[in-house]
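Only one structure is covered here, and it is reproduced in the block below.
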Amino acid sequence: MKYFYKFLLSVFMYSKIIKNMNENQIEAITSNNKNLLILAGAGSGKTRVLVNRIFWLIKNQNISPKSILAVTFTNKSSKEIYNRINKLIKFNINDIWVGTFHGLAYKMLYLNSNNKNFQIIDKNDQIYLIKSITKKLNLDIKKYPPIKSMYYINKIKNLGLYSKDYVDMNCSNEFNNKLLYIYKIYQKECYKHCFLDFGEILISANDFLFKNPVVLKKYNMQFKYILIDEFQDINNIQYKWISTIKNKNNKIMVVGDDDQSIYGWRGAKSEFIQKFIFDYPDTKIIRLEQNYRSTGNILFAANELINNNNNRIKKKLWTQKKNGELISIYSAKNEIDEAVFIVNYIKIWKYNGGLLNDFAVLYRKNIQSNILEKILLRNNINYEILNSINFFNRIEIKLIIFYLRFILNNNDNISFLKIINTPKRGIGINTINKINEISKKYKISLFKAVYKILKYKILKNRQFLNLNGFFILINEIKKKIINLKLYEQINYIIQKIDLFLMYKKKEDFKIRINNVYELIELSKKFYFENIKETEILKLFLSNIILNNDNIDIKKIDSVKLMTLHSSKGLEFNQVFIIGMEEGIFPNKFIINSKSLEEERRLAYVGITRAKKKLILTYTKSRYLHGKNIFPIPSRFIKEIPKKFIKKIENYKIIL
DNA sequence: GCGGAGACCCTTTTT
DNA sequence: GGGTCTCCGC
């Protein structure tokens, strides 16, 4: 009897899972093949397939949630998957390992490594550190810009390599040799400080598994099902990590679309799709080519555009939907006219009872949102910018974070230098030079050098008093906050350093104070039972960098503004793509053909975000970087056949 | 040591 | 245009 009910239940579940699914989707969800490659076109229900497969595994195949590893690239999509599964399955959801490559690699390290004192550093910290190294090596900052060095280092890290393992093709080149040397010193500094940059998280996690066969075996056994989203965006070190975790018994499903590979500059190679088939010859390939998102004209136009790329796995998306409206193109006088046109269009829509949520405006680079913002504000239209300046990168927030980081680890020289004289306490360049000198001489951290300077009275008078004041302040904070909750710690630091006083005279005082309160609110939510406060602080600091989109999108009706890159995975009824001009999109730095194909894929991603209406705009004149330029329309416009296009000549102005 | 004025430089996408 | 760096006067 018991078995019969179980059988009935599984039949019921099965019908629920496959409801409204097409044949290929059902196959992808329920396949028992060991290695699966799902070639999923834009809008083909890829996330639904992924989520429902997890659901099917748990409910129909009785797979334990903890046996499932689901990897994504962005926090946005990992959250999306988490939430959707959460709706379907109410219990043990947290046992599923779902997250980004970086998040999961960090989790693995944190749970298993004896050393939990690593501090994750972001791009800005990297640049700051590299800059100080470049100076220390007496290299010209202009000849060796820290940003360039950082890209060079990260490029090699994405291959999973250290400076000693990397052979530069231009190794006879003095310049590249120096960069490699900067990498070497940079890595040394990172080890010294227990810093993990993004690349290092993956390298370390991979190395750790190699060096700890017991842990590796544990995960080999545990993860019976591995699912990877956006596989076209995978890079060397990520592929290595997955290959390490996978053994011959576990089942893997990768989902990807080479036409949507837009992260080549981050080391992503869609060729890994082919490599996957080569490495696992028994891979079953399932194609999802029915598009459920866009109307015919939009979809066919996108197909035609992407067909101009040579290096791609050929596929043809189709839809059952009607052709719908033609793609509109507006040729604006300048960037102001472009923004006015868009806002005007949106206003008319709203006036006729439409929602602002229907609209997204996509652009190639972030500065393009400036004028648009102004015009939207002037017309009282709600808007939200997705992924603009990161909340945790605002200076007032960063400062608090640097204090927390420093309190946690006094040897963290980066945060030391960030807080030593902020707020101003009369510690200037001379004092800091002295600290640097002592630290170098005795090979001790900057903070220990401060202690030495004070103990032996190396500095005198005002310099001594000011430095002593800082030393006392830090020790006071350290002593006091040890038993406080995270949010109380933050509160205490704010009071102690008189943070608000710093911004009192500034006009953006209110915004900054609100940001600080928002941080406190966030930290209140950050709480785990049975974990010490110092551990919570460590996790909080890592989490801030790994999940940089912590601030929830507000639910008010608003127009969404974002870059083409961050639009991936989203959909909107009406989409504007602005600045369709040679030099802007495709970007002027991209002349060689391989990157041009990536720009075209980016255009493809943008176009396929639209469900019902797509509007492309370009300007005849644009004020950029203090100069007027006169761009010509983007080649991507010309690549869309005329039969899909309608030009907007005049429009009614209601502004 | 601090803060303001002016020079100079660079313009992309993100975990 | 705007962010960063440098120089100079207080």
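It should be emphasised that the depicted structure is a prediction, and the values quoted were computed from it without experimental measurement. Numbered from 1 within each chain, the chains take letters A, B, ... in sequence-line order.
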Checklist line | A:Y152 and A:Y183: CA distance, side-chain angles, deciding distance, ring pair (Phe, Tyr, Trp, His ring centres under 6.0 Å) verdict | finding: CA-CA 8 Å; A:Y152 183 81; A:Y183 180 11; 7.7 Å; no
Could you check which of [options] has an atom nearest any side-chain atom of [X]?
X: A:F198; options: B:dG1, B:dT15, B:dT14; answer: B:dT15
X: A:Q463; options: B:dT13, B:dT15, B:dG1; answer: B:dG1
X: A:T431; options: B:dG1, B:dT15, B:dT14; answer: B:dG1
X: A:N587; options: B:dT14, B:dT12, B:dG1; answer: B:dT12
X: A:H102; options: B:dT12, B:dT15, B:dT14; answer: B:dT15
X: A:W265; options: B:dG3, B:dT14, B:dT15; answer: B:dT14
X: A:T100; options: B:dT14, B:dC9, B:dT15; answer: B:dT15
X: A:N366; options: B:dG1, B:dT14, B:dG3; answer: B:dT14
X: A:Y151; options: B:dT12, B:dT14, B:dG3; answer: B:dT14
X: A:R266; options: B:dT12, B:dC9, B:dT14; answer: B:dT14

Report task. Using only side-chain N and O atoms of A:T74, determine if any of them is under 4.0 Å from OP1 or OP2 of B:dT14. Result ->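 Result: no.
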query = Does a side-chain N or O from A:N154 land closer than 4.0 Å to OP1 or OP2 of B:dT14, or not?
reply =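 Answer is no, no contact under 4.0 Å.
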With heavy atoms under 4.0 Å as the rule, sort [X] into base, sugar-phosphate or nothing.
X: A:K131; answer: sugar-phosphate
X: A:F101; answer: nothing
X: A:N370; answer: nothing
X: A:I201; answer: nothing
X: A:N430; answer: sugar-phosphate

Check: Under the criteria of a ring-centre distance below 5.5 Å and an interplanar angle below 30°, is A:Y263 stacked with the base of B:dT13?
Finding: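 Not stacked: fails the 5.5 Å / 30° test.
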Notebook entry, point to check: Closest nucleotide of DNA chain B for A:K123 versus for A:K148: which of these residues is on the 5' side?
Noted result: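 The residue whose closest nucleotide sits nearer the 5' end is A:K148.
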Whole-Å gap separating [atom2] ([N]) and [atom1] ([X]):
X: A:N158; N: B:dT15; atom1: CG; atom2: P; result: 14 Å
X: A:I429; N: B:dG3; atom1: CD1; atom2: C1'; result: 15 Å
X: A:L109; N: B:dT15; atom1: CG; atom2: C1'; result: 15 Å
X: A:M150; N: B:dT12; atom1: CE; atom2: P; result: 12 Å
X: A:Q238; N: B:dT14; atom1: CD; atom2: P; result: 16 Å
X: A:K568; N: B:dT13; atom1: NZ; atom2: P; result: 16 Å
X: A:I141; N: B:dC10; atom1: CD1; atom2: P; result: 13 Å
X: A:D233; N: B:dT13; atom1: CG; atom2: C1'; result: 12 Å

Check whether any side-chain N or O of A:N466 sits under 3.5 Å from a backbone N or O of A:G426 as a donor-acceptor pair, and report yes or no.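 The answer is yes, because a donor-acceptor pair under 3.5 Å joins these two groups.
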_Taking only the C1' atom of each, what is the distance from C:dT4 to B:dT13 in whole angstrom?_
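One C1' to the other, the span is 23 Å.
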_Which label fits A:F406 and A:F447: parallel for a plane angle under 30°, tilted from 30 to 60°, or perpendicular past 60°?_
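The rings of A:F406 and A:F447 stand perpendicular, inter-plane angle above 60°.
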### side-chain contact (heavy atoms from CB on, under 4.5 Å) between A:E230 and A:T72, worked out
CA-CA 7 Å; A:E230 309 276 14; A:T72 66; over 6 Å; no
* Asked: A:D233 pairs by salt bridge (charged side-chain N to carboxylate O under 4.0 Å, His left out) with which of A:K568, A:R266, A:K269?
  ->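 Testing each of A:K568, A:R266, A:K269 against A:D233, the sole residue satisfying salt bridge (charged side-chain N to carboxylate O under 4.0 Å, His left out) is A:K568.
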Q.
Name the residue from A:R364, A:R635, A:K588 that meets the salt bridge (charged side-chain N to carboxylate O under 4.0 Å, His left out) definition with A:E599.
A.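 Per the salt bridge (charged side-chain N to carboxylate O under 4.0 Å, His left out) rule, the option paired with A:E599 is A:R364, out of A:R364, A:R635, A:K588.
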### Task
Would you check if the distance from the ring center of A:F359 to the ring center of A:F572 is below 6.0 Å?
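Between A:F359 and A:F572, the centre distance exceeds or equals 6.0 Å.
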Legend entry - Within the 6.0 Å centroid threshold, strictly below: A:W241 and A:Y239: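 They do not qualify: ring centres at least 6.0 Å apart.
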Report task. For DNA chain B, determine which residues of residues 628-637 of chain A have any heavy atom closer than 4.0 angstrom to one of its atoms, and list them numerically. Result ->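 Contacting residues: none.
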- Item | A:Y110 six-ring face occupied by A:K538 cation (under 6.0 Å, within 45°) |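 Output no; distance or angle outside limits.
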For chain A and DNA chain C, what are the first and last nucleotides along the strand, 5' to 3', with at least one atom under 4.0 angstrom from a heavy atom of the protein chain?
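Range of nucleotides within reach of chain A: C:dG1 to C:dC5.
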A:Y604 and A:N309: side chain donor to acceptor below 3.5 Å: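 Judged by distance alone, the side chains do not pair up.
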Hey, are A:D337 and A:K620 close enough for a salt bridge, meaning a charged N less than 4.0 Å from a carboxylate O?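 Salt bridge absent between A:D337 and A:K620.
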- Should A:E597 and A:R312 count as an ion pair when the cut-off is N to O under 4.0 Å?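 Not counted as a salt bridge, because no side-chain N and carboxylate O are separated by less than 4.0 Å.
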